Amino acid sequence: MKILRLLAVSALALGLLASFSPHTFKSPALAQDASAPRVNVPFFDGEIRFPEMAIFWFGRVTPTETYADVRVGYNSSELYVYVAVFDQRIWYDTTPTPAELTQWDAVTLYLSLSDSFGASTYRFVAQLNFWEPRDEYQRAY
């Protein structure tokens with residue numbers, strides 16, 4: 001069975017607590033930190049089956065904290081990441097710019113991959129939005 005190691009970075013693991021003002025995390029170097037929490041992600045031959053995906057969670061729901069439930073799995077053509085966030089207060093920008101996405105309720109996923117050609121790192125950011133098209137609410141770097 002193949003296993004993908006996915007770096008799981010949470011605000012709580014970083015020592016940050018959610019509050020009514022948004023936080024910005026500006027250190028992609030943490031994605032390389034071997035001591036950061038990791039998730040062993042199962043490989044699927046064919047369809048990725050949601051009930052069999054790896055799961056982890058962190059946080060709690062209070063007036064100043066949030067909770068996230070994350071499921072991940074992959075096959076030969078895709079990585080499936082499902083994030084459900086429970087938050088009592090929802091904040092998002094109705095006219096975001098790429099630089100401002102992480103200043104509101106958003107999820108950032110860091111991937112570090114190695115192959116015979118070397119190492120590559122990727123960052124994906126998705127901000128919450130309600131009815132607007134997704135184009136301006138997600139970025140890949």
Side-chain angles (χ1 to χ4, degrees), residues 1-115 117-141:
M1 170 185 243
K2 296 179 186 176
I3 298 288
L4 171 72
R5 291 181 63 110
L6 176 68
L7 179 68
V9 178
S10 77
L12 294 175
L14 297 170
L16 300 174
L17 292 177
S19 70
F20 299 117
S21 62
H23 294 286
T24 303
F25 177 63
K26 296 184 184 222
S27 180
L30 184 61
Q32 303 296 325
D33 185 358
S35 66
R38 294 182 182 268
V39 176
N40 288 322
V41 180
F43 174 80
F44 293 90
D45 285 322
E47 180 185 349
I48 298 171
R49 296 174 298 280
F50 188 82
E52 298 175 31
M53 294 168 63
I55 183 171
F56 64 95
W57 54 90
F58 52 88
R60 59 186 184 183
V61 180
T62 72
T64 60
E65 296 174 290
T66 59
Y67 168 86
D69 177 283
V70 183
R71 294 176 185 258
V72 287
Y74 76 107
N75 62 22
S76 60
S77 63
E78 66 182 315
L79 170 64
Y80 187 112
V81 179
Y82 171 88
V83 181
V85 178
F86 301 86
D87 191 343
Q88 287 192 16
R89 300 188 188 270
I90 304 297
W91 302 95
Y92 80 100
D93 184 358
T94 57
T95 58
T97 66
E100 297 173 329
L101 287 177
T102 59
Q103 295 177 9
W104 301 83
D105 283 347
V107 171
T108 301
L109 174 67
Y110 294 97
L111 292 179
S112 295
L113 306 173
S114 298
D115 60 18
F117 300 108
S120 300
T121 59
Y122 302 91
R123 179 175 63 133
F124 302 91
V125 179
Q127 185 188 124
L128 166 85
N129 76 317
F130 181 52
W131 55 269
E132 301 86 2
R134 293 288 314 146
D135 301 12
E136 298 303 316
Y137 290 89
Q138 54 196 22
R139 291 289 181 265
Y141 305 91

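Quick caveat: nothing in here was measured; it's all calculated off a predicted structure.
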Working to the nearest 0.5 angstrom, can you tell me the gap between E78 CD and I48 CD1?
4.0 Å
Could you state the interatomic distance from CZ (F124) to OG1 (T108), rounded to the nearest 0.5 Å?
11.5 Å
Is a side-chain donor or acceptor of N75 paired with a backbone partner of G46 at a separation under 3.5 angstrom?
yes
Is it possible for you to check whether R71 lies under 6.0 Å from the centre of the six-membered ring of Y82, through NZ or CZ, and within 45° of that ring's axis?
no
How long is the span from the OG1 atom in T97 to the CD atom in Q103, to the nearest 0.5 Å?
7.5 Å
Within the side chain of Y137, is there an N or O that forms a donor-acceptor pair under 3.5 Å with the backbone of T94?
yes
To the nearest 0.5 Å, what is the distance between CG on D93 and CD on E136?
10.5 Å
CD of Q127 to OH of Y92, rounded to nearest 0.5 Å, is 9.0 Å
What's the separation between atom CG in L128 and atom CH2 in W104, rounded to the nearest 0.5 Å?
11.0 Å
Residue pair V107, V81: steps toward the side chain to side chain contact (heavy atoms under 4.5 Å, CB included) verdict
CA-CA 11 Å; V107 171; V81 179; over 6 Å; no
For E132 and N129, the nearest pair of non-hydrogen atoms, with its separation, is O-ND2, 2.5 Å
For residues F44 and Y80, determine if any side-chain heavy atom of one lies less than 4.5 Å from a side-chain heavy atom of the other.
no
Heavy-atom pair of closest approach, residues R139 and L101
CG-CD1, 3.5 Å
When the aromatic ring centroids of Y74 and F43 are compared, is their separation below 6.0 Å?
yes
Is there a side-chain contact between V70 and F56 in this structure, where contact means two heavy atoms from C-beta onward sitting under 4.5 Å apart?
yes
Evaluate the side-chain proximity of D105 to V85: yes if any heavy-atom separation is below 4.5 Å, no if none is.
no
How close do A54 and V41 get, counting heavy atoms only, and between which atoms?
CB-CA, 4.3 Å
